[in-house]
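Reviewing the structure listed below.
Computed from a prediction, not measured in an experiment: that's the story for all the values here. By convention in this document, chain letters (A, B, ...) are assigned in the order of the sequence lines, proteins followed by strands, and residues within each chain are numbered from 1.
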2 protein chains.
Amino acid sequence: MQLDARLSRMLHILIHMDRLDGPMTSELAAQMLRTNPVVVRRTMAGLRDAGYVRSEKGHGGGWTLARPLDAIRILDIYRAVGEPRIFSIGPADPDPQCLVEQAVNASMAAAMQEAEAMLIARLGQVTLAQIAADFDQRYAALLATGAIEPLTGH
Amino acid sequence: MQLDARLSRMLHILIHMDRLDGPMTSELAAQMLRTNPVVVRRTMAGLRDAGYVRSEKGHGGGWTLARPLDAIRILDIYRAVGEPRIFSIGPADPDPQCLVEQAVNASMAAAMQEAEAMLIARLGQVTLAQIAADFDQRYAALLATGAIEPLTGH
DNA sequence: TGATTTGCAACAATTGATGTTGCGTGATAG
DNA sequence: CTATCACGCAACATCAATTGTTGCAAATCA
């Protein structure tokens, strides 16, 4: 498998959702993510169960934010999508008989747990509102250069 | 794919190689790793090219260490196996047009680069001799409990 | 009633490490 | 000199998890 993009995709969609008035359909989200509405529903299901978004069926239905962006941290979404595996490297056998292999695993696990703890801590410090603010800056900067027109979607 | 165990496997085998007098055949290494000699040769090829091991063909041939364990860091082996991808999570599109997605990517990349830098730093601080010393402690501890007999392979 | 939209199950596609087979090459023993 | 051993390498199969896709049921609203 290549990279697991579920977290990135959800962050992306949630910020768009915040800027949209009215619910966002899975169809629209899928277009933004260049994927399939089913993939959107499947991934978003975790966010709904965790209370970060709501879904409505039928006419005028779709997805809406259940909390403001400043009340959602990246870490919250990471957990809501099921805390996917962070590392693609790891031990051959997590609980080996061989004492050499046990020593190798212990050494690697210590280093990786430290790195993981740092990453988790970082994800807990950044809110989606901060990412949205970064977007606003990028948008304003592009406007200033004349590279894009005001009000032409992002 | 599940976990990429090439680094762990090579660390494991290199320490065994150090404790063995005479070359280690790919066949023996494969038994230790519960895999195939071809997998061993394929993965070990990088270590040979980087100068950490030597390989000899024919009768009495096999693999031997080219440096003492205290002159090999985990980081060296990580690089010798081709610096495999560390994270299994990542952006949907590494260079998106969408400014929202750019902001998301920037935020995630910053956190992940910090974690990666910490991991790399840790891997650069641990030598294989240190892991071997940890093994020796585990071995002595098991001997003391009477759980194993002296000189019965590990 | 019909159109819209989510919910969900089932299955195919994709990707990269890993597993496997086969053959060539070099080295050593006898 | 021949047989055996062991690496080198190419080619292909296997596996696992996300992603992609199809189909159908259920709910909502005009």
Any base atoms under 4.0 Å from [X], or only sugar-phosphate, or nothing? Heavy atoms, all strands.
| X | value |
| --- | --- |
| A:R9 | sugar-phosphate |
| B:S88 | nothing |
| A:N36 | base |

Check whether any side-chain heavy atom of B:E101 lies under 4.5 Å from a side-chain heavy atom of B:D93, and answer yes or no. yes
Check A:V40 against A:A29 and note the closest heavy-atom contact, atom names and distance.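 Between these two residues, the closest heavy atoms are CG1-CB, 3.8 Å.
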Scanning both residues in full, the closest heavy-atom pair of B:I89 with B:M112 reads O-CE, 3.2 Å
[X] [atom1] to [N] [atom2], straight-line distance once rounded to whole Å:
| X | N | atom1 | atom2 | answer |
| --- | --- | --- | --- | --- |
| B:L33 | C:dT20 | CG | P | 13 Å |
| B:I86 | C:dG16 | CD1 | P | 17 Å |
| B:R85 | C:dT15 | CZ | P | 13 Å |
| B:D4 | D:dA17 | CG | P | 15 Å |
| A:I89 | C:dT18 | CD1 | P | 12 Å |
| B:L3 | D:dA16 | CG | P | 13 Å |
| A:D49 | C:dC8 | CG | C1' | 13 Å |

Among C:dG19, D:dG20, C:dA17, which nucleotide sits nearest the side chain of B:R6? C:dA17
Suppose the criterion is side-chain hydrogen bond (donor to acceptor under 3.5 Å, both in side chains): which pairs have a residue in residues 120-135 of chain A, not counting sequence neighbours? A:R122-B:E114, A:T127-A:Q130, A:D134-A:R138
Measuring from B:L69:CG to B:L11:CG, what's the distance to the nearest 0.5 Å?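 Answer rounded to 0.5 Å: 10.5 Å.
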For B:T35 and B:A30, indicate whether the former's side chain and the latter's backbone hold a donor-acceptor pair under 3.5 Å. no
Would you list the atom pairs, donor with acceptor, under 3.5 Å between side chains in residues 47-68 of chain B and any protein atom, with sequence neighbours excluded?
from	atom 1	to	atom 2	distance (Å)
B:W63	NE1	B:S26	OG	2.9

Do nucleotides 6-13 of chain D as a string where each nucleotide becomes B, S or -: B if the base has a protein heavy atom under 4.0 Å, S if just the sugar-phosphate does, - if no protein is that close. SBBSBB--
